[in-house]
Each structure stands twice: as C-alpha cells, then as structure tokens.
Amino acid sequence: MKWTKKHAIDFLWKFGEIKTELVDDQKLSGLRQVDNITEFRFAAEGAAPVTYWAVDISQDPGLTPAADSTDSSTLLTAAKPVLAQVQKIAPNARLQFVKVGEDRGKTFALVRTFPQKRLDTLVAERFNLSRAAAKTKIEAGKVSLNHPKTARAVKGSASAVLKPAKEYDEDVQLELAPTPQPESTLDLPVLYQDEDVIVIDKPSGILSHSKGEFSPEETVATWLADREEEQSEDPSHSERRGIVHRLDRGTSGVMILARNPVAEKFLQKQFAERKANKTYLAITEGEPKQHELILDLPIARNFKKPTTFLVSGSGKPAQTHLRVAQVAPMGLYSLLELKPATGRTHQLRVHLAYLNHPILGDEVYGGKKAPRLMLHASELELTLPNSERKTFKSKTPPEFSKYVSR
C-alpha cells in the first residue's frame, strides 16, 4: 500500500496524535517505506518535529488481536516485537509505543519518538519558574538532567553548563540545585501570631518575595524563612514559602503569612474564594466627582508594557468600592478608602489611574513623584485556620498627613 502525505496526516488524526484532519501537509516530511514499516515526521504548531513509524501487523496473527484490546499486558505483548522491528531501521531513536488500530482495512501499530521541548521551557514548567529565571539557572549551571529509563547522565550535565535552547525528551529527569537564601536582617513589626500564622505590618519598599531567580535582596519571604529557622527542600517553592497574598513593593500595611503547609493552603483558598476582606487607604491627586462609587472595570495585561496592566473590555473582571474619606484644601489631594472585591494585579493603581486620579508616587501609572507609593493596606478581615474570624489593622502612615489630615 503506497502512502502519501495526506494518508499519513489522516492516519495521525485517526490515531489521536493530531486534533484535526485539516492540517497543512507541509508539516509532514521524511515519508519513506521500508518493508512493512512507513516512517514520517510531523511538526505540530510550536513543537519540535516528532518521527512516527506505522507498522503493518496485519499479516502477524500474534499481534493482530491487540487491535481492539485495552488490556495493558496484551498491548505490551504487541509492543515488544513492534519496537524491535522499528529499532532495526532507527537504532539510535528513543521509541514510544502508542497504540494498535485499524486503517484502510489493515491493522497498524503506531510508534513515535518521545516528544521534546526546549530545556528552559521544561525547567520553567517543572519548577514553576519564568522562562527568564529558568534560562538564568541553566546558564549558571544549576540544572542537571538524566534519561529516566537508562539512568544515563546526559552529556554535558552536572559539571558542564547546559544550553537553554537545546531540546530534550519531555520525560527527562531534571534536578535543580537549591538557591541559598541569605540570612535576613529585616525587623518587621508583628501584629499577631499563633501556631499557624504571623500577621505583619509591612513597610513600604520591601518585596513580598523574589521574582524567581536568585537575588540577594531581602524580602518578607526570606524574613519568614529565617524567623522560622526552616528552609524548604523544594527549590520551586522556597522563594515564596508562606506567602499567601502579596503587597506591591511600595505598598505598606497588613500582610498575613502562613507558618505551615496546612495553614498556607487554608489561607490561599480563602483569598481565591474572595472570603478575605481587604481595606486600603490611598492618597490621590484631585477630588473624585463622586465621593462613593463602585468601579467595575475589567483589567488586562498591557502587551505594549508587559509588566503593567490596563482597563480593557477583554480583561478579567475587577471591582473596587471607593469612598472619599478626606479632601485637602482646594481639592488638591484626596484620602480614599478602597475595598477591592477582586484581587487583580495592580488593581487599585489601574482603577484610580483610569479615573484620572492616580495614586501619588505611582509614576508607572501617571502619579506625581512622592517619597513613596501612597498606598496602605489598613485592614484585613479573614478566618484563621483555628476557625476564628478576626480583623487586623495597621495605623495610617504618618507621611499621609502631609497631604491630608485625618
């Protein structure tokens, strides 16, 4: 039976390797037939090419019964001799048996090479890092890898520096060297603590956690790790262990931290389900026309400046309750009380900038220069892991009184 590119694409669709029949045949190449085996390569969108072998087993009565079987032992019986046949014409390939099925009146076994991805993509996915952070760690020699089935170290791993763009099998075993965390010298005010949580009054200018790659800068997360005298063994988690919600670097005020994994999951769920009530104070330019309103403005990432966000109809829902608490003489500045119903990144800053009343010190979103970002998390109401509902408060920073007195 003579194969064409169209037949090969249709075959992959029937065997569940591609999602649609309407595929450009230019994605398929290297079509050749060797006895009862047809070999071809297919490159899915954005993925590395995968080589396939369609093995005609119609004339082998020992293998044909596996066609309609879902029993793993039966399929394994079919796989071994099929893989042995393919190995003869592709001795250096790592093979994966896919399935047995019918096509054009014949029974075929499908074999493929293991799917591959760029190393920086694999590291980013495996250890919950950004691609940039993964690339940095790879180039710093922090990543080593092995082929899982042979336990054979990949050439260039361990002592040598690997290349972020090189492609490897998706099932490759990866090891990421832990990032040593500097001992914290921060002295953060503690508002409350019990066996499950610590509530702090975060000063402006302190990061909640690092952004994935090693940084000598001290953060709330490093302070917590040092205070608890315990380092996580999981390098993908250690940089933000105990952080269940985040305040921007410039934002001060109430922040709750988890002291154990059970408390961490409990609090994360509460924030995700919007059962934690947050109140912020902000100094903004001018006086809003309405002294109380609800801002229901969806927020999306600004792709022209990817580190920022904007109000967009294509964004995610975002609601903020706004109340004017104090107005300076001549309406130059206002002290606003803000209660976000959702927790989008930069939500309050984006909403106020959209109203043309940006927060003072928020030069990213058009605010006038100030000694700091004039945004303060004044209250946090939530249920603790011990089932007690509590409200934690932080006093208004004294620098706010320079603009309005309260």
Side-chain angles (χ1 to χ4, degrees), residues 1-119 121-122 125 145-150 152 154-155 165-173:
M1 178 174 65
K2 183 175 177 59
W3 283 67
T4 65
K5 285 186 175 182
K6 184 180 183 305
H7 289 150
I9 289 172
D10 182 61
F11 181 86
L12 290 179
W13 174 72
K14 286 181 180 180
F15 275 65
E17 290 294 292
I18 55 178
K19 304 301 181 184
T20 175
E21 291 180 277
L22 302 176
V23 174
D24 183 359
D25 65 9
Q26 294 302 309
K27 294 181 181 295
L28 193 134
S29 61
L31 184 63
R32 67 166 182 154
Q33 290 180 260
V34 180
D35 297 328
N36 64 323
I37 301 175
T38 303
E39 177 184 282
F40 46 87
R41 285 188 300 278
F42 181 77
E45 196 70 40
V50 175
T51 301
Y52 290 92
W53 294 269
V55 184
D56 183 354
I57 58 173
S58 300
Q59 305 305 314
D60 193 327
L63 298 179
T64 304
D68 300 319
S69 176
T70 58
D71 179 70
S72 58
S73 62
T74 305
L75 291 175
L76 184 61
T77 301
K80 288 182 178 179
V82 167
L83 291 174
Q85 288 186 50
V86 175
Q87 204 78 65
K88 291 179 181 178
I89 63 172
N92 297 319
R94 286 195 68 224
L95 303 178
Q96 181 182 36
F97 183 84
V98 181
K99 64 186 296 187
V100 174
E102 298 290 336
D103 181 63
R104 288 173 287 172
K106 293 193 175 186
T107 304
F108 286 90
L110 181 62
V111 176
R112 61 175 290 173
T113 53
F114 274 78
Q116 293 188 324
K117 286 185 179 179
R118 286 173 54 114
L119 181 58
T121 299
L122 287 170
E125 292 175 350
L145 64 164
N146 293 277
H147 279 304
K149 293 187 178 180
T150 62
R152 173 175 55 86
V154 175
K155 184 179 181 181
K166 185 172 174 58
E167 293 178 339
Y168 294 93
D169 297 339
E170 281 190 10
D171 67 336
V172 73
Q173 290 179 345

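As the structure is a prediction and not an experimental result, all values here were calculated from the model.
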**Q** Going by side-chain contact (heavy atoms from CB on, under 4.5 Å), name the residues that satisfy it together with S29, two or more places apart in sequence or in a different chain.
**A**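 side-chain contact (heavy atoms from CB on, under 4.5 Å) list for S29, sorted by chain: R41.
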
**Q** In Å, rounded to the nearest 0.5 Å, how long is the span from OG1 of T107 to CD of Q59?
**A**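 CD of Q59 is found 9.5 Å from OG1 of T107.
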
**Q** Could you grab the distance from atom NZ of K88 to atom CG of L83, nearest 0.5 Å is fine?
**A** 12.5 Å

**Q** Once you round to the nearest 0.5 Å, how far does OG of S58 lie from CD of E102?
**A** 7.0 Å

**Q** Measuring from atom CG of D103 to atom CG of D10, what distance do you get when rounded to the nearest 0.5 angstrom?
**A** 6.5 Å

**Q** So, do W13 and F42 have ring centers that fall under 6.0 Å from each other?
**A**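 No, they do not, as the ring centres are separated by 6.0 Å or more.
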
**Q** Let me confirm one number: the NZ-CZ distance from K27 to F40, rounded to the nearest 0.5 Å.
**A**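 Rounded to the nearest 0.5 Å, the NZ-CZ separation comes to 15.5 Å.
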
**Q** Got a sec, which residues hit salt bridge (charged side-chain N to carboxylate O under 4.0 Å, His left out) with R32, two or more places apart in sequence or on another chain?
**A** E39

**Q** Using the rule given for side-chain hydrogen bond (donor to acceptor under 3.5 Å, both in side chains), can you reason through Q85 versus N36, listing the C-alpha separation, both sets of side-chain angles and the distance that settles it, and then say yes or no?
**A** CA-CA 9 Å; Q85 288 186 50; N36 64 323; 3.1 Å; yes

**Q** Is there side-chain contact between R118 and K166, with heavy atoms separated by less than 4.5 Å?
**A** no

**Q** Considering only heavy atoms from C-beta outward, does the side chain of W53 approach that of L110 to under 4.5 Å?
**A**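 In short, these two side chains do not touch, never coming nearer than 4.5 Å.
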
**Q** Do K117 and E125 meet the salt-bridge criterion of a basic N to acidic O distance under 4.0 Å?
**A** yes

**Q** Could you give me the CA-CA distance, side-chain angles and deciding distance for F108 and I57, then say whether side chain to side chain contact (heavy atoms under 4.5 Å, CB included) is met?
**A** CA-CA 6 Å; F108 286 90; I57 58 173; 5.9 Å; no

**Q** Go through the steps for V98 and V111 under the test side chain to side chain contact (heavy atoms under 4.5 Å, CB included), then give the verdict.
**A** CA-CA 5 Å; V98 181; V111 176; 5.9 Å; no

**Q** Does W3 form a side chain to side chain contact (heavy atoms under 4.5 Å, CB included) with L31? I'd like the steps, not just the answer.
**A** CA-CA 8 Å; W3 283 67; L31 184 63; 4.3 Å; yes

**Q** With sequence neighbours excluded, tell me which residues meet salt bridge (charged side-chain N to carboxylate O under 4.0 Å, His left out) with K106.
**A**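 Residues passing salt bridge (charged side-chain N to carboxylate O under 4.0 Å, His left out) with K106: D56.
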
**Q** Can you list the residues that meet the side-chain contact (heavy atoms from CB on, under 4.5 Å) rule with Q87, with sequence neighbours excluded?
**A** L95

**Q** Tell me every residue that passes ring pair (Phe, Tyr, Trp, His ring centres under 6.0 Å) with F15, counting only those two or more places apart in sequence or in another chain.
**A** F11

**Q** Can you list the steps and then say if Y168 with L122 is a side chain to side chain contact (heavy atoms under 4.5 Å, CB included)?
**A** CA-CA 8 Å; Y168 294 93; L122 287 170; 4.1 Å; yes

**Q** Quick one: side-chain contact (heavy atoms from CB on, under 4.5 Å) partners of K6, sequence neighbours excluded?
**A**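 Partners of K6 by the side-chain contact (heavy atoms from CB on, under 4.5 Å) criterion, ordered by chain and then number, come out as T4.
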
**Q** Examine K99 relative to F97 and say whether NZ or CZ is less than 6.0 Å from the centre of the six-membered ring and inside a 45° cone about the ring axis.
**A**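 That pair does not qualify as a cation-pi contact.
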
**Q** If every non-hydrogen atom of R104 is compared with every non-hydrogen atom of K2, which pair is closest and at what distance?
**A** NH1-O, 4.2 Å

**Q** Taking T113 for its side chain and T51 for its backbone only, find out whether a donor-acceptor pair lies under 3.5 Å.
**A**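 Checked: pair present.
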
